[in-house]
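Following: one structure in structure tokens, then a few remarks.
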Amino acid sequence: MRKNIVAGNWKMNNDLSASKKLAKQVVKKVKKAKLKGTKVIIAPTFVNLESVAKATKKSKVSVAAQNMHFEESGAFTGEVSAKMLKSVGVKTVILGHSERREYFGETDELLAKKVDAALANKMKVIFCFGEVLADRKSNKHEKVVESQIKNALFHLEASAFQNIVLAYEPVWAIGTGETASPEQAQDMHAFIRKTLSDKYGNDVADEVSILYGGSVKPANAEEIFSKPDVDGGLIGGAALNADDFFAIVNAF
Ligand code: 13P
């Protein structure tokens with residue numbers, strides 16, 4: 001059975017003390033709650049990963065990095081490798097976020113290498129993709145998403161998908177307050193699952209968790225998560241407030 005997951009992408013927010021404080025608040029709330037198997041992940045910036053990993057140790061909250069380089073070490077100024085992440089207790093990485101694609105020129109080809117490096121290091125990957133507004137308006141959203149998934153992931157063996165979570169994040173819904181409707185999310189998630197099934201078969205497609213991201217808030221989470229192919233959310237803005245984030249976790 002695929003897992004329900006709520007992950008908070010803190011992006012470039014929260015200094016050390018704010019990160020520790022928020023992590024501790026989330027841990028406390030998760031500990032108190034009786035979650036029905038929902039997995040909770042938080043993703044602080046690189047410099048705060050070690051502290052947040054410590055703050056969440058022995059809890060049910062996992063920590064993810066927001067990015068990673070595909071090489072193990074060497075002359076790559078400013079970059080961080082999978083081994084380095086693992087050395088501070090981080091076993092999950094978000095790859096392919098639209099902000100990485102848009103502002104840092106990350107391509108499907110580069111992302112394929114990052115995915116390979118993460119999996120080779122036995123890390124879990126939350127792989128993000130999604131169309132821009134123009135694609136949606138010209139009805140190309142399915143084609144765009146299909147090619148993002150194929151180009152970055154379809155060289156993998158079926159077994160690799162045990163360690164991959166997909167996150168559909170329509171770019172027009174990120175940080176805009178405009179959410180895909182629950183029906184739009186469901187339609188796309190069903191399409192993504194079919195794309196996986198066509199390549200790898202139903203068994204693989206049924207087991208992969210597909211998260212929705214883009215202006216998920218306490219007020220809309222329950223309806224979005226109620227859709228059969230939506231297995232949780234990747235949360236930006238609302239993940240910066242423990243009450244809001246936890247209300248979304250609790251929406252399952
Ligand atoms: P918002 O929830 O702020 O729209 O951000 C979504 C996102 O980009 C998560 O990765």
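Keep in mind that what you see is a predicted model, and the values were worked out from it rather than measured. Atoms within a ligand are numbered from 1 in the order they appear, just like the ligands themselves.
- Between the side chains of K39 and S62, at least one donor N or O lies within less than 3.5 Å of an accepting N or O.
- Protein heavy atom in closest approach to atom 2 (O) of ligand 1: G236 N, 2.9 Å.
- Both tests hold for K113 against F70: distance to the six-membered ring centre under 6.0 Å, angle to the ring axis within 45°.
- Not a single heavy atom of K217 sits less than 4.0 Å from an atom of ligand 1.
- Of all the atoms in ligand 1, the ones that sit under 4.0 Å from a non-hydrogen atom of S215 are 1 (P), 2 (O), 4 (O).
- Looking from atom 7 (C) of ligand 1 to the surrounding protein, the closest heavy atom is E169 OE2, 3.1 Å.
- Against a heavy-atom cut-off of under 4.0 Å, A173 is close to the following atoms of ligand 1: 4 (O).
- In terms of protein heavy-atom proximity, atom 3 (O) of ligand 1 is closest to G237 N, 2.8 Å.
- Under 4.0 angstrom from ligand 1, the non-hydrogen atoms of N9 all belong to its side chain.
- Looking at E131 and K140, no side-chain N of the basic residue comes within less than 4.0 Å of a carboxylate O on the acidic one, giving no salt bridge.
- Below 3.5 Å of separation, one finds no N or O of G213 facing any N or O of ligand 1.
- Judged by distance alone, the side chains of D231 and S209 never bring a donor and an acceptor atom under 3.5 Å apart.
- The closest side-chain donor-acceptor pair between D198 and T195, if any, does not fall under 3.5 angstrom.
- Residue L111 is not grouped with residue V171 when hydrophobic side chains (ILVMFWY) are merged at heavy-atom distances under 4.5 angstrom, including chains of intermediate members.
- Placement of L49 and L240 within a single hydrophobic cluster is found when ILVMFWY residues are connected by side-chain heavy-atom separations under 4.5 Å, directly or transitively.
- Side-chain contact annotation: K114 with N67, donor-acceptor N/O pair under 3.5 Å present.
- Ligand-side atoms of ligand 1 in range of G175: 1 (P), 3 (O), 4 (O), range being under 4.0 angstrom from any heavy atom.
- The N/O atoms of K11, backbone and side chain alike, include one that comes under 3.5 Å of an N/O atom in ligand 1.
- Residue G214 places a heavy atom less than 4.0 Å from ligand 1.
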